[in-house]
Q: 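One structure, as structure tokens, below. Some questions next.
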Amino acid sequence: MPQMETATLDTDLSLFKYDNLEQLPPRYRELSEGERAERIDAAREALGDDLLILGHNYQRREIVEHADFVGDSYALSKHAAAADAPYVVFCGVTFMAESADVITDDSQTVLLPSMEASCPMAGMAEALQVDAAWAEITGAAPEQEIVPITYMNSYADLKAFCAEQGGLVCTSSNAHRAFEWAFERGDKVLFLPDKHLGENTAHRLGMDDETAVWDPWDPEGKGAAAVADADVVLWDGYCQVHERFRVEHVERVREEHPDANVVVHPECRREVVESADVVGSTATITETVEDAAPGETWAIGTEIHLAEHLARWHPEVDVLPLCGDACMDCNAMRQIDPNYLTWVLEGLIEGEERNAIEVAPREKELAGIALDRMLEV
Ligand code: 13P
Ligand code: SF4
């Protein structure tokens with residue numbers, strides 16, 4: 001693995017990375033559902049092939065019904081890359097829109113309807129903070145080659161950092177292959193920011209006893225000695241939507257519905273993942289319900305909107321949220337409401353690019369390398 005210096009990346013520690021992002025003007029706040037649906041349809045028609053709307057699986061119904069493609073973060077990035085449309089409106093969260101900007105060409109503009117759609121987990125590993133931790137972690141194991149892997153759910157500056165240090169990006173569906181890629185090139189993996197996906201992947205590869213957690217907020221919790229011994233160092237980030245699921249929810253659903261099958265996202269705790277029948281990305285969860293025979297029961301361990309979509313899209317399958325009313329919606333995804341979508345689309349008709357996401361050129365180049373390496377695995 002090439003030796004590289006620690007990165008000096010342009011970054012700040014704020015939740016919102018883009019100072020050109022605008023708030024919704026008051027006249028858009030009170031639109032009725034019927035009016036905004038009509039206005040969104042009219043804008044789509046006026047913009048025609050100049051517009052591509054992408055909707056993540058966790059978006060609300062009023063958004064996904066206006067999207068050209070609905071899918072997981074990986075598939076949506078691929079749609080963005082394949083698109084010719086000059087405008088890509090990404091109904092998802094900031095890191096997804098950034099990845100779309102990295103992989104679309106420079107003539108295309110990616111817009112994120114709301115400035116507040118920032119994934120809290122991505123914010124748990126800021127590039128500056130990781131850069132500082134990198135010095136400590138590499139210092140704790142000076143003889144070892146450490147390969148950083150960041151989950152797609154991270155900002156472009158962290159993806160750029162990973163590229164500079166010889167690492168790559170992964171999604172929940174190819175994390176195990178990213179680990180294998182890394183171990184062909186180094187001795188140790190630093191996995192960011194989701195400790196659960198990292199732990200679940202280590203378990204899948206039979207490396208349960210070889211992990212240590214690095215808590216960047218707790219000087220005691222960093223455990224330099226444990227990190228020196230571990231093959232997989234897990235950054236102490238998590239998704240609160242998925243951490244909520246417990247083994248008791250799986251047990252309860254099986255007690256109340258003896259024929260129930262359980263499918264969960266790999267951001268869930270390891271014991272929940274182990275007790276499920278199927279584990280995978282939001283695309284895998286969707287395909288699992290699509291492939292289910294009529295009358296089968298599936299309990300869904302992920303964000304509530306996807307469970308609701310699946311129940312609506314597949315009335316022949318009995319779809320249940322894994323923890324009932326306690327299942328959460330994602331506060332970041334929820335920020336994209338149809339009023340914002342109307343405002344951004346009407347802006348394009350008026351010649352204004354509202355909430356354009358533009359990753360800085362150097363970060364874009366490096367993050368592109370980390371994403372390309374992901375496509376190689
Ligand atoms: P997917 O990549 O599986 O769509 O998941 C994205 C996400 O944010 C999960 O919380
Ligand atoms: Fe981030 Fe969790 Fe929301 Fe996914 S569900 S975007 S990981 S907060």
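As the structure lists them, so they are numbered: ligands from 1, and atoms in each ligand from 1. Keep in mind that this is a model prediction, so the values were computed, not measured. By convention here, the first residue in the shown sequence is residue 1.
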Q: Output yes when Glu308 and Arg61 qualify as a salt bridge under the 4.0 Å nitrogen-oxygen rule, no when they do not.
A: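 Salt bridge between Glu308 and Arg61, a charged N being under 4.0 Å from a carboxylate O: no.
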Q: How many angstroms lie between CD1 in Ile137 and CG in Leu190, if you round to the nearest 0.5 Å?
A: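 Rounded to the nearest 0.5 Å, the CD1-CG separation comes out at 4.5 Å.
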Q: Can you classify the ring geometry of His242 versus Phe245 as parallel (below 30°), tilted (30 to 60°) or perpendicular (above 60°)?
A: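 Ring orientation, 0 to 90° scale: tilted.
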Q: Taking atom CD of Glu38 as the centre, does the number of heavy atoms from other residues, nucleotides or ligands within less than 6.0 Å exceed 12?
A: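 Counting other residues, nucleotides and ligands, CD of Glu38 stays at 12 neighbours or fewer.
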Q: Between the main-chain N or O of Thr109 and the side-chain N or O of Asp101, is there a donor-acceptor pair closer than 3.5 Å?
A: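 Not confirmed, Asp101 side chain does not pair with Thr109 backbone.
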Q: Under a 4.5 Å side-chain heavy-atom rule over Ile, Leu, Val, Met, Phe, Trp and Tyr, are Val253 and Leu306 clustered together?
A: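 Per the 4.5 Å side-chain linkage, Val253 and Leu306 are not co-clustered.
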Q: Could you give me the CA-CA distance, side-chain angles and deciding distance for Phe183 and Val232, then say whether side chain to side chain contact (heavy atoms under 4.5 Å, CB included) is met?
A: CA-CA 10 Å; Phe183 281 116; Val232 179; 4.0 Å; yes
Q: Has Asn339 got a side-chain atom pairing as donor or acceptor with Arg29's backbone, closer than 3.5 angstrom?
A: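 Yes, the answer is positive, given that a donor and an acceptor are paired below the 3.5 Å cut-off.
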Q: Under a 4.0 Å heavy-atom cut-off, which residues neighbour ligand 1?
A: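 Around ligand 1, where the cutoff is 4.0 Å for heavy atoms, the contacting residues are His56, Tyr58, Asp72, Ser73, Asn153, Ser172, His242, His265, Glu267, Ser281, Thr282.
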Q: Using a distance threshold of 2.8 Å, what protein N/O/S atoms lie below it relative to atom 2 (Fe) of ligand 2?
A: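 Near atom 2 (Fe) of ligand 2, below 2.8 Å, one finds Cys239 SG.
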Q: So that I can tick it off, tell me whether Glu248 and Arg246 are bridged by a salt bridge, with the cut-off set at under 4.0 angstrom between side-chain N and carboxylate O.
A: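 No, Arg246 and Glu248 are not salt-bridged.
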